[in-house]
Participant: 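First the structure, which I've put down as structure tokens, then a few questions once you've had a look.
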Amino acid sequence: MGQFSDWIIVGAFTFGIGITGSFTGQVSVGLLGSTTGAIIGASVVSKLQDNRQRDTSNKLIRLSNLVDKQQELTKLTQQLSVIQPKVEALRQEEAELAPVKGKYQEKRAELQQIHQNLTTLKEQQQELENRIIVINQKKPDLSVLEKLQGQIEQFKIQKSGLEGQVNALSSQVESLESQKINLNSIESQLAAKKVDLDSLATRVEELQTQSQQLEQRATELEFLRITYDGLFSQKGSFEERVNQLKPEIERLESEKQRILQAIQENQNDYHQVEELRRKLHGLKIAIRDQESELRELEREIHNLQGIKAALEENNARLQQEKQEFQEIITRLKGEITEIESSAKLALQSLREKLWHHLPKIELQLEEIAFINNFINQITSQGLTFSKRVINAFHTSLKVQDISALVILAGISGTGKSELPQRYANYIGAQLLTLAVQPRWDSPQDLQGFYNYVEKKFKPTDLMRGLYQYNKDSEMQDRIVIVLLDEMNLARVEYYFSEFLSKLESRRNHATYLEIDVGSLRINENERRLQIPDAFLFVGTMNEDETTQTLSDKVLDRANVLTFGKPQKLKLRQENTIKNTSNQSSEYLSYSHFQNWIKIPDPNSEIVNKIKYFLNQANEVMEKMGHPFAHRVYQAVTQYVINYPGVDNINSDAFKFALADQFGQKLLPKLRGVMVDEAHEQLDELKEIISQIGDIALIAAFEKAREGRYGQFSWQGLIYQDEQA
């Protein structure tokens, strides 16, 4: 409607402009525009009149439809006015029934309670009847029966009263049930009415919306009618003006034809001009694009120049840093060369070759055959050692993971140094002999020291051996025996205690020695030397007035073999077997040696028997103030299990091995005990030793009880010279 009115007004305005222009009589561009506007206005008016008539007829049809809908809305409003009182009455009735509904719920709860009471009374009645039956069976006293009968009568009266109440409540319940049914029907009717009411309310809202739309349409139609009347009144004046303008229109038409002809004549020139204009426009666009690319290139060149300057600056800085680093590298290389030369010079003595002509053939023997062959060889060389000494020495080497040192003690000239030398030669092992000096009082005496004046490390053969063993792949898996000769000329705890602790820790992890080279900088792999498991340590000690005694710490971590005076003196030349060469062409690898080492089984008969003897001995020694702990038990068990030939508790090998450990680990702890004060405990210990049954151990124990000054003086377990 709004667009239609606007078009009418625009047309009328344009038409008016055209009329005004024609009356002024001005022949100009403005006159031409006004005349053209008049023509267009007349055309628009005619078209608008046709459209207006069609729209008017459509509006009248829609108006009649709105009138019908208005009548339908009036009818629905009347129906709504009739239904609303009924709805209000239903709501009021629902409010009145609410108390009745609540009372119904209360009565229902009371009825349930009465039913529960009635059930309880029935249970009590049944219980009383059961009691009466029991009482009748037991023939009770009549007075008691009378009392019970009275109680029963009272209960019956209460029961009848309760039953009356139940009947009354039942009638009330029935009445309430009927009221509930009526209430439910009313509620269903009310719900249906509510649904109808909601639908009517929705319909009313729709009709109200339609009524508002119809009122708006009526307003628009009224506006159209007024506009139509105004236009109709202007129609006559417009027709008269049109008749007046017809001559002018004809003239303008001829002018139009002339102008069109001129335009046709200039059409080709116009197309050429337009083509040139398009080309010019394309060239302008291309120029702008080129200028944009040029500016972009200039910016990129500027950025690249900045980057180039930064790179040149960075390059100059890097060149300077490179030069500085080269100077540092040159200086460090000089220092490294100096350090290497200094370290090489300082450790030169460690590289002096110790071993030559290493055996190439690996010895493969069973353990028993190995020991028998060794005994035969040293016998052929004019030496005599009992088989128990050989077995004890061999077993002590096998258990160096827990007893890290074998000590050969006794008087001078009994072959203490000869045995490890012959053993090492037989197995093709490398022997390092260190002669202990009385002045030794620190670990440096055992390992070596750094001479700050000469800037050289002065090693012992032990450190040279460790260094070369770690560096020389040819030495891997070969056994090295380190012999500390006359080790008790100095206090063992001063120079060997720290090293002994390191030997003991080999069983748990890799153990290293640090080469002391002062502030000299050397590589870590040069400074730290691992103590290989294949290094086996043996010490000899003479028992005379020049020697020091061993502490319990050393004794607990060592096996001490005692060499007594020989039963029969003889010359080496008295041997009937020809002496053989001392040079061995075979060697026993450490891995093969390890195959002979056994691990104790805690549940085996042998281990349990060892534990039995040690528990008895520990109880007796505790009474004397010299108990022992787990270390001794583990060391003894390890020794006995690894003793050659120990396969059951009744064998001689088991007896000899257990006797060895009593003599090496337990009885030395009793040195200095007053025999008179501890004679009862010594008797108990003698009984335990007698159960072992080793004659040599019994004899050594008795000799110790007869020591000087009334003290227990243990002098070691002396083995017989006879070979097995």
Participant: Which residues pass the side-chain hydrogen bond (donor to acceptor under 3.5 Å, both in side chains) test with Asn391, sequence neighbours left out?
Facilitator: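 In terms of side-chain hydrogen bond (donor to acceptor under 3.5 Å, both in side chains), with neighbours along the sequence ignored, Asn391 is linked to no residue.
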Participant: Taking side-chain hydrogen bond (donor to acceptor under 3.5 Å, both in side chains) as the cut-off, I'd like each qualifying pair that reaches into residues 596-607, sequence neighbours left out, listed once.
Facilitator: none
Participant: Judged by atom type as modelled, is there a donor-acceptor pair below 3.5 Å linking the side chain of Ser349 to the main-chain atoms of Phe457?
Facilitator: yes
Participant: Quick one: are Ile641 and Val646 in side-chain contact, heavy atoms under 4.5 Å?
Facilitator: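 Counting from C-beta outward, Ile641 and Val646 never come under 4.5 Å.
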Participant: Please list all pairs passing the ring pair (Phe, Tyr, Trp, His ring centres under 6.0 Å) test where one or both residues lie in residues 667-705, with sequence neighbours left out.
Facilitator: Phe701-Phe712
Participant: Please tell me if the side chains of Asn559 and Asp660 come closer than 4.5 Å, counting only heavy atoms from C-beta onward.
Facilitator: no
Participant: Report the residues that fulfil salt bridge (charged side-chain N to carboxylate O under 4.0 Å, His left out) with Asp461, sequence neighbours left out, ordered by chain and then residue number.
Facilitator: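 By the salt bridge (charged side-chain N to carboxylate O under 4.0 Å, His left out) rule, Asp461 matches Arg464.
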Participant: Could you tell me whether the side chain of Arg708 reaches within less than 4.5 Å of the side chain of Ser713, counting heavy atoms only?
Facilitator: no
Participant: Do Arg557 and Ser403 have side chains that approach each other closer than 4.5 Å (heavy atoms only, starting at C-beta)?
Facilitator: no
Participant: Going by heavy atoms in the side chains, are Ile479 and Phe593 under 4.5 Å from each other?
Facilitator: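 They are in side-chain contact.
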Participant: What is the ring orientation for Phe370 with His394, classed by angle as parallel under 30°, tilted 30 to 60°, or perpendicular over 60°?
Facilitator: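 The arrangement is tilted - the two ring planes meet at 30° to 60°.
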Participant: Please check this pair: side chain of Asp472 against backbone of Gln468, looking for a donor-acceptor N/O pair closer than 3.5 Å.
Facilitator: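 Answer holds: no.
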Participant: Among all residues two or more places apart in sequence or in another chain, which pass the side-chain hydrogen bond (donor to acceptor under 3.5 Å, both in side chains) test with Arg478?
Facilitator: none
Participant: Might you confirm whether atom OH of Tyr452 has over 12 heavy atoms from other residues, nucleotides or ligands at distances under 6.0 Å?
Facilitator: yes
Participant: Run the ring-ring contact (aromatic ring centres under 6.0 Å, His included) test against Trp440 and tell me which residues pass, sequence neighbours left out.
Facilitator: Tyr495
